[in-house]
Amino acid sequence: MIGHCLDAVASAKADGRGVVGILCEYTPREMILAARALPVCLCGGSADTIPSAEEDLPANLCPLIKSTYGYHVQRSNPLLEQADLVVAETTCDGKKKMYELMARTRPMLVLELPQNPEGPGALEAWRGQMAWLRDQLQERLGVRNTDPSLREAIATMNRERSLRRRLAGLMARPHPPLTGLQLLEFKSSISGQEADLAQYERAATALECPSAPPAASDEAVRVLLTGVPLVHGAQRVLQIIESAGAVVVCMENCTGVKPLLEDVDERAADPLAALAEKYLRLPCSVMTPNRRRLEQLAQLARVYRPQCVVELVWQACLTYDVESALVKAFVERELGLPYLRIQTDYSPADSARIAVRVEALLEMVRSRSAGGVAAR
Ligand code: SF4
Ligand code: SF4
């Protein structure tokens with residue numbers, strides 16, 4: 001995937017098109033595609049860059065932020081090094097303060113994200129940020145970002161979301177043809193690429209065939225994974241869960257289905273308002289209140305029929321950490337499912353301890369199933 005992304009960046013550069021780094025799912029990739037540029041995800045998933053980051057950042061900070069910043073300090077992410085611009089948002093405190101440090105040496109735009117999505121004026125304010133982003137992209141990339149090009153980009157991203165929903169939907173089967181890890185590996189760091197969409201289409205068509213073989217054993221416990229994103233390189237907890245005899249049938253997080261569940265209205269009279277509406281509805285824990293996350297969990301539990309829920313929280317991620325109390329209560333009381341919270345970072349030091357806790361959870365689910373409480 002990374003090799004293909006580097007090729008795509010090289011070809012965009014040769015073509016005179018821009019490369020725009022993004023760091024969060026609140027960034028409307030449509031706007032970047034409409035400016036003929038490539039939207040490239042720059043979130044860091046490597047433990048190797050963290051020591052360099054800790055020269056500026058506190059050790060007690062989320063590994064995703066530190067890893068991303070470490071790549072910046074080391075200049076070791078070729079996608080970041082080739083980016084003409086980075087677009088970010090005011091999400092969690094750690095990220096937005098880290099952006100100030102990055103902005104000392106890189107061109108950067110930080111969108112001001114309203115934190116109460118249902119609050120008065122929130123949608124209008126966010127629509128204003130969409131208009132500002134469009135103007136800034138036009139000015140900095142020297143490309144006119146017109147309504148027709150924006151509508152075309154919206155259609156492309158809707159198609160990508162729809163294809164990725166089809167792939168994710170395969171996991172609702174009693175015997176899914178993919179593991180959670182295989183599904184995650186379909187995701188690319190660059191969105192809206194025609195070649196990727198064609199591959200998604202081919203894979204979905206092949207795997208939708210009823211005779212596609214199951215990817216996991218009949219006894220595999222169905223797990224819904226929620227919480228923080230599993231960015232490229234940081235899939236360790238997913239691997240531990242599936243190695244212990246489970247299949248992760250749904251990832252509710254930002255690298256899973258969360259950003260795919262809703263599309264943007266292609267025919268809306270005001271495409272900027274349509275974009276603002278879709279993106280402001282994304283239920284990240286930086287929002288307060290974040291009721292939509294629980295509604296989404298209930299909807300996903302109905303579709304994917306998990307037998308338990310695992311919540312992953314990166315070390316020092318305060319928003320997901322605090323919100324986990326609400327999620328635990330909701331999962332146990334409203335969904336009637338066992339819940340396990342795993343807090344970790346990018347170091348493999350606690351892998352054995354996590355595996356023991358996951359095995360205990362799966363054992364408990366199996367004994368509930370044997371007692372007829374849970375069913376596929
Ligand atoms: S979890 Fe929140 S801050 Fe992180 S990428 Fe998703 S929306 Fe952005
Ligand atoms: S995982 Fe938490 S602390 Fe880390 S970037 Fe996302 S919201 Fe911020």
Side-chain angles (χ1 to χ4, degrees), residues 21-29 39-47 49-50 53-54 57-72 86-102 109-117 122 126 129 161 184 187 189 191 225-238 251-262 275-276 278-290 292-293 296-297 311-324 326-327 341-347:
I22 63 171
L23 296 154
C24 175
E25 285 299 327
Y26 282 109
T27 308
R29 291 171 168 92
V40 184
C41 175
L42 300 174
C43 292
S46 167
T49 60
I50 287 180
E54 287 178 349
L57 300 176
N60 186 26
L61 190 66
C62 155
L64 201 161
I65 300 174
K66 287 193 290 187
S67 177
T68 306
Y69 186 75
Y71 276 112
H72 154 75
V86 178
V87 177
E89 297 80 16
T90 52
T91 52
C92 62
D93 286 353
K95 259 185 166 177
K96 67 192 180 202
K97 297 310 287 182
M98 180 273 272
Y99 297 150
E100 289 179 23
L101 305 190
M102 261 180 106
L109 295 176
V110 181
L111 304 174
E112 196 166 331
L113 178 72
Q115 309 257 299
N116 175 358
W126 190 228
Q129 291 293 295
R161 283 185 282 265
L184 184 65
K187 190 169 164 26
S189 292
S191 298
L225 182 65
T226 184
V228 296
L230 298 175
V231 303
H232 180 69
Q235 305 93 334
R236 177 176 61 104
V237 171
L238 174 57
M251 284 169 270
E252 179 270 341
N253 53 24
C254 270
T255 39
V257 295
K258 188 182 306 221
L260 309 179
L261 295 176
E262 295 185 2
L275 281 171
K278 183 255 180 314
Y279 284 93
L280 196 60
R281 286 172 61 82
L282 194 76
C284 171
S285 63
V286 298
M287 291 297 185
T288 179
N290 189 26
R292 204 170 280 120
R293 180 168 175 213
Q296 202 157 282
L297 278 170
E311 176 150 34
L312 176 62
V313 178
W314 293 134
Q315 199 80 47
C317 172
L318 290 183
T319 55
Y320 275 101
D321 200 359
V322 173
E323 198 166 280
S324 69
L326 298 175
V327 174
R341 175 178 160 287
I342 296 172
Q343 185 163 35
T344 186
D345 59 16
Y346 287 179
S347 147

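Reckoned from all heavy atoms, side chains included, excluding hydrogens, waters and symmetry mates. Whatever order the structure lists them in is the order used to number ligands and atoms, beginning at 1.
Between Arg29 and Glu25 there is a salt bridge, with a side-chain nitrogen of the basic residue lying less than 4.0 Å from a carboxylate oxygen of the acidic one.
Between the side chains of Glu89 and Thr27, a donor-acceptor pair is found at a separation under 3.5 Å. There is a side-chain donor-acceptor pair under 3.5 Å between Glu252 and Thr226.
Contact annotation: the side chain of His72 never approaches that of Thr49 to less than 4.5 Å [non-hydrogen atoms, C-beta and beyond]. In this structure, Tyr320 and Glu311 have side chains that are in contact, with non-hydrogen atoms separated by less than 4.5 Å. Residues Cys284 and Asn290 fail the side-chain proximity criterion, which asks for heavy atoms closer than 4.5 Å.
Near Cys284, with a cut-off below 4.0 Å to any heavy atom, the atoms of ligand 1 are 1 (S), 2 (Fe), 3 (S), 7 (S). Within ligand 2, counting atoms from 1 as listed, the ones closer than 4.0 Å to a heavy atom of Trp314 are 1 (S). Near Glu25, meaning under 4.0 Å from any of its heavy atoms, are these atoms of ligand 1: 5 (S), 8 (Fe). Atoms of ligand 1 found under 4.0 Å from any heavy atom of Tyr26, numbered from 1 in the order shown, are 7 (S). Near Lys95, the atoms of ligand 2 lying under 4.0 angstrom from a non-hydrogen atom of the residue are 5 (S). Close contacts between ligand 2 and Cys92 involve ligand atoms 3 (S), 5 (S), 7 (S), 8 (Fe) [criterion: under 4.0 Å to a heavy atom]. Using a 4.0 Å cut-off to heavy atoms of Leu282, the atoms of ligand 1 that qualify are 7 (S).
Judged by distance alone, the side chain of Lys278 and the main-chain N or O of Pro28 form no donor-acceptor pair under 3.5 Å.
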> Is there a salt bridge (charged side-chain N to carboxylate O under 4.0 Å, His left out) between Glu323 and Arg293 once you walk through the steps?
Replying inline: CA-CA 10 Å; Glu323 198 166 280; Arg293 180 168 175 213; 2.8 Å; yes

>> Between Asp321 and Arg341, is the salt bridge (charged side-chain N to carboxylate O under 4.0 Å, His left out) condition met? List the steps.
In response: CA-CA 9 Å; Asp321 200 359; Arg341 175 178 160 287; 2.5 Å; yes

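With Ser67, Ala316, Cys62 as candidates, the residue nearest to atom 4 (Fe) of ligand 2 on a non-hydrogen basis is Cys62.
Within the 4.0 Å heavy-atom criterion, the part of Ile65 lying near ligand 2 is the side chain and not the backbone.
When all heavy atoms of Cys92 and Val286 are compared, the pair lying nearest together is N-CG1, 3.5 Å.
Of the protein's heavy atoms, Tyr320 OH, 3.4 Å lies nearest to atom 1 (S) of ligand 1. With hydrogens left out, the protein atom closest to atom 2 (Fe) of ligand 2 is Cys317 SG, 2.2 Å, a heavy atom. Shortest contact from atom 6 (Fe) of ligand 1 to any protein heavy atom: Cys254 SG, 2.3 Å.
Backbone or side-chain N, O or S atoms of Cys24 reach atom 8 (Fe) of ligand 1 at under 2.8 Å.
Using a 4.0 Å threshold on non-hydrogen atoms, atom 8 (Fe) of ligand 2 counts as touching the protein.
Using a non-hydrogen distance threshold of 4.0 Å, Val228 registers as a contact of ligand 2.
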